[in-house]
There are 2 protein chains.
Amino acid sequence: MDHVEKIIGHAEQQCKAHGVRLTVKRKQVLAGLIQSDKALSAYEIVDFCTRHYGQTMPAMSVYRILEFLEHEHLVHKLSLANKYVACAHISCGHAHAVPQFLICRQCSKVKEISIQPATIAELRQSVNEAGFKLVTTQLEMNCLCEGCIAQAA
Amino acid sequence: MDHVEKIIGHAEQQCKAHGVRLTVKRKQVLAGLIQSDKALSAYEIVDFCTRHYGQTMPAMSVYRILEFLEHEHLVHKLSLANKYVACAHISCGHAHAVPQFLICRQCSKVKEISIQPATIAELRQSVNEAGFKLVTTQLEMNCLCEGCIAQAA
DNA sequence: ACGACAAATGATATGTTGTAACATGCTACA
DNA sequence: TGTAGCATGTTACAACATATCATTTGTCGT
């Protein structure tokens, strides 16, 4: 049982606990995202599934499935890039803070981090002073990853 | 000479100083964004210009013009919302730090703020620790504005 | 096991956002 | 005034996303 399957297993447990089903198609989409070390667009997922599982996966289904997986906190949507990533903490088995995402502009590689609560609090404070309220502390930041920095140098 | 025209005047000076031209069409697009208190999509700008200036403005032109205006730091693209706003500081006449944007999820109203340099430094530090490098400190945050908070209550 | 209901997926159409490529027009300057 | 370069027009299409209704599949009570 490889790495990916293990994570899928965890995800399945989580879904069962919530009284929802992790169907075959949903597993396929989630597995695609887990295997990928970078964020994928919905249509890249379509291609992946169509190539790997021998039948065409309609875009409509992928969007529906992504919505489901996002709702179950198994994937995150990155609005900065219009792409999707598997949650980095499916297997941890405990609750997590809202994550922040570092997205490589060059290659779409994504790192999920947790910045200091104090820093978050400072941000929230600045937002409040401006008369707005933060809806989510999920931040997305335009970055370059190690690999792409090295390559550019 | 009203508020909008004054800002356009400043923008024109800036362009002249850079040896580029703020043409009629470019002024129309910029004026549309300045008049709007919220972020507009490219196609909303198309509609605005077509309605206000009596001839249809092709989407292609709007995208080209937005690219130009962004390059001149007269507008900002908000990737979180796929929308565009006029820079809040065109008339200030002095250099500004990279801004952060609070975007109302509900109504697209945007506030441009400058968060504490210390907070920015903490963020950059967290990013570096993860092995990435921040490409820009332009942050975009999902928020609710005062009006929409009041309405929701 | 069976029927009925709900959930999931299929199929088709369409809306929204953005770019490519090439033609035409405008402006400034030699 | 000619011309080179920039700006805009035009058309086509790629990429991203949602709406709607039909069909299939899974679950549950009987």
Side-chain angles (χ1 to χ4, degrees), chain A residues 11-12 15-33 38-50 53-72 74-85 103 105 108 140, chain B residues 11-12 15-33 38-50 53-72 74-85 103 105 108 140:
Chain A
E12 197 151 23
C15 285
K16 210 164 270 175
H18 289 88
V20 296
R21 279 179 291 155
L22 191 62
T23 63
V24 172
K25 299 276 181 190
R26 288 169 176 174
K27 278 184 201 173
Q28 290 177 352
V29 169
L30 182 55
L33 284 173
K38 61 191 187 90
L40 298 179
S41 76
Y43 282 81
E44 285 170 340
I45 296 170
V46 167
D47 290 347
F48 174 90
C49 289
T50 298
Y53 304 113
Q55 58 179 314
T56 74
M57 171 76 85
M60 186 71 251
S61 294
V62 168
Y63 279 105
R64 277 194 288 230
I65 289 169
L66 286 170
E67 186 180 11
F68 168 86
L69 294 172
E70 204 184 355
H71 191 256
E72 295 301 315
L74 297 169
V75 315
H76 303 287
K77 165 160 190 168
L78 303 177
S79 301
L80 219 46
N82 289 326
K83 290 179 193 291
Y84 304 83
V85 284
I103 306 168
R105 270 192 178 226
S108 294
E140 303 174 24
Chain B
E12 197 152 23
C15 285
K16 210 164 270 174
H18 289 89
V20 296
R21 279 180 292 158
L22 191 61
T23 64
V24 172
K25 299 276 181 191
R26 288 169 177 175
K27 278 184 200 173
Q28 289 177 351
V29 169
L30 182 55
L33 284 173
K38 61 192 188 89
L40 298 179
S41 75
Y43 282 83
E44 285 169 340
I45 296 171
V46 167
D47 290 346
F48 174 89
C49 290
T50 298
Y53 304 112
Q55 58 177 314
T56 74
M57 171 75 88
M60 187 70 252
S61 294
V62 169
Y63 278 105
R64 278 193 286 228
I65 289 170
L66 287 170
E67 187 181 9
F68 168 86
L69 294 172
E70 204 183 356
H71 191 258
E72 294 301 314
L74 296 170
V75 315
H76 303 287
K77 165 161 191 171
L78 303 177
S79 301
L80 261 196
N82 289 326
K83 290 179 193 291
Y84 303 82
V85 284
I103 306 168
R105 271 193 176 222
S108 294
E140 303 173 25

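Each chain gets a letter, A, B and so on, in the order the sequences are listed, and its residues count up from 1.
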Quiz item: So what does A/R64 hit on the nucleic acid, given a heavy-atom distance under 4.0 Å: a base, only sugar-phosphate, or nothing?
Solution: base

Quiz item: Any side-chain heavy atom of A/V24 sitting closer than 4.5 Å to one from A/Y53?
Solution: no

Exercise. Return yes if the base of D/dA17 and the side-chain atoms of A/Y43 contain a donor-acceptor N/O pair under 3.5 Å, otherwise no.
Key: yes

Quiz item: Would a distance-only check, ignoring hydrogens and angles, find a side-chain to backbone donor-acceptor pair under 3.5 Å from A/T56 to A/T50?
Solution: no

Self-check item: Spacing of A/M57 atom CE relative to C/dT9 atom C1', expressed in whole Å
Solution: 10 Å

Exercise. Would you mind telling me which of D/dA7, D/dC16, D/dT10 lies closest to the side-chain atoms of B/R21?
Key: D/dA7

Self-check item: A/Y63 vs C/dA8: side-chain N/O to OP1/OP2 distance below 4.0 Å
Solution: no

Quiz prompt | Exceeds 12 heavy-atom contacts within 6.0 angstrom, atom CD of B/E70 | solution = yes

Exercise. Would you mind reading off the distance between A/Y84 atom OH and D/dA15 atom C1', rounded to a whole angstrom?
Key: 12 Å

Practice problem: Quick one: label A/K77 by what it contacts on the DNA or RNA (base, sugar-phosphate, nothing), any heavy atom closer than 4.0 Å. | Solution: sugar-phosphate

Quiz item: Distance check: side-chain N/O of B/N82 vs OP1/OP2 of C/dT16, anything under 4.0 Å?
Solution: no

Self-check item: Minimum heavy-atom distance A/L69-A/R26, with the two atoms named
Solution: CD1-O, 4.2 Å

Practice problem: Mind calculating the distance between CE (B/M60) and C1' (C/dG18) to the nearest angstrom? | Solution: 8 Å

Self-check item: Phosphate OP1/OP2 of D/dT8: any B/S61 side-chain N/O under 4.0 Å
Solution: no

Quiz item: Which whole-number value in Å describes the distance from A/R26 CZ to C/dA7 P?
Solution: 11 Å

Quiz item: Does the side chain of A/T23 get closer than 4.0 angstrom to OP1 or OP2 of D/dT25 through an N or O atom?
Solution: no

Self-check item: Distance, rounded to the nearest Å, where B/E67 contributes CD and C/dT19 contributes P
Solution: 8 Å

Exercise. Can you tell me the distance, in whole Å, between the CD atom of B/E72 and the P atom of D/dC6?
Key: 14 Å

Quiz prompt | Spacing of A/I65 atom CD1 relative to C/dG10 atom C1', expressed in whole Å | solution = 11 Å

Exercise. Would you indicate, yes or no, if D/dC16 has its OP1 or OP2 atom less than 4.0 angstrom from a side-chain nitrogen or oxygen of A/S41?
Key: yes

Self-check item: For B/Y84 against B/S41, the heavy-atom pair lying closest together
Solution: CD1-C, 4.4 Å

Quiz item: Please give, in whole Å, the distance from C/dA8 P to A/L22 CG?
Solution: 11 Å

